[in-house]
Amino acid sequence: MPRFDYLDEKKNKKTKTKKNAPAPDGRHKGDSGEKVEAVYVRKETIRAAWREYRQDGGESLSELVEDLLLGWLRERA
């Protein structure tokens, strides 16, 4: 068995269940239709930022990252 073949088997099993069936418009449940892109950041950086953000009462690190990026873009404009 090649190294990652077991992942394909799990994927096929998941798509067969009714739970993961697409909605009438073709999207899966919970899918907003907005594209998401993976970004790689060191675990230590994420964990340290999350601890500080949580102490300040923040709930979503994703929202913090988005706010920071949008602020940076506005400064450049």
Side-chain angles (χ1 to χ4, degrees):
M1 173 186 278
R3 187 172 176 192
F4 296 107
D5 276 358
Y6 70 95
L7 293 174
D8 291 333
E9 291 173 14
K10 285 183 180 181
K11 187 183 238 184
N12 290 337
K13 287 180 185 177
K14 284 185 179 181
T15 56
K16 290 180 184 178
T17 63
K18 188 174 182 180
K19 186 177 179 183
N20 291 328
D25 64 355
R27 293 184 312 190
H28 288 279
K29 183 178 179 182
D31 186 5
S32 68
E34 185 176 354
K35 296 210 179 218
V36 177
E37 185 173 334
V39 177
Y40 299 96
V41 181
R42 292 180 184 269
K43 282 184 187 178
E44 298 86 13
T45 305
I46 293 293
R47 289 179 179 160
W50 175 240
R51 280 192 299 270
E52 292 293 322
Y53 188 60
R54 191 175 51 203
Q55 286 177 356
D56 290 342
E59 294 183 16
S60 172
L61 192 60
S62 296
E63 288 178 10
L64 171 64
V65 171
E66 187 172 355
D67 291 344
L68 291 170
L69 291 172
L70 287 172
W72 180 78
L73 285 171
R74 285 186 192 115
E75 284 179 11
R76 295 183 54 89

Subject >> Connected via hydrophobic side-chain network under 4.5 Å: V41 and L69 >> reply: no
Subject >> Partner set under side chain to side chain contact (heavy atoms under 4.5 Å, CB included) for L64, not counting sequence neighbours >> reply: Y53, L61, L68
Original post:
R74: what forms a side chain to side chain contact (heavy atoms under 4.5 Å, CB included) with it, not counting sequence neighbours?
Top reply: L70
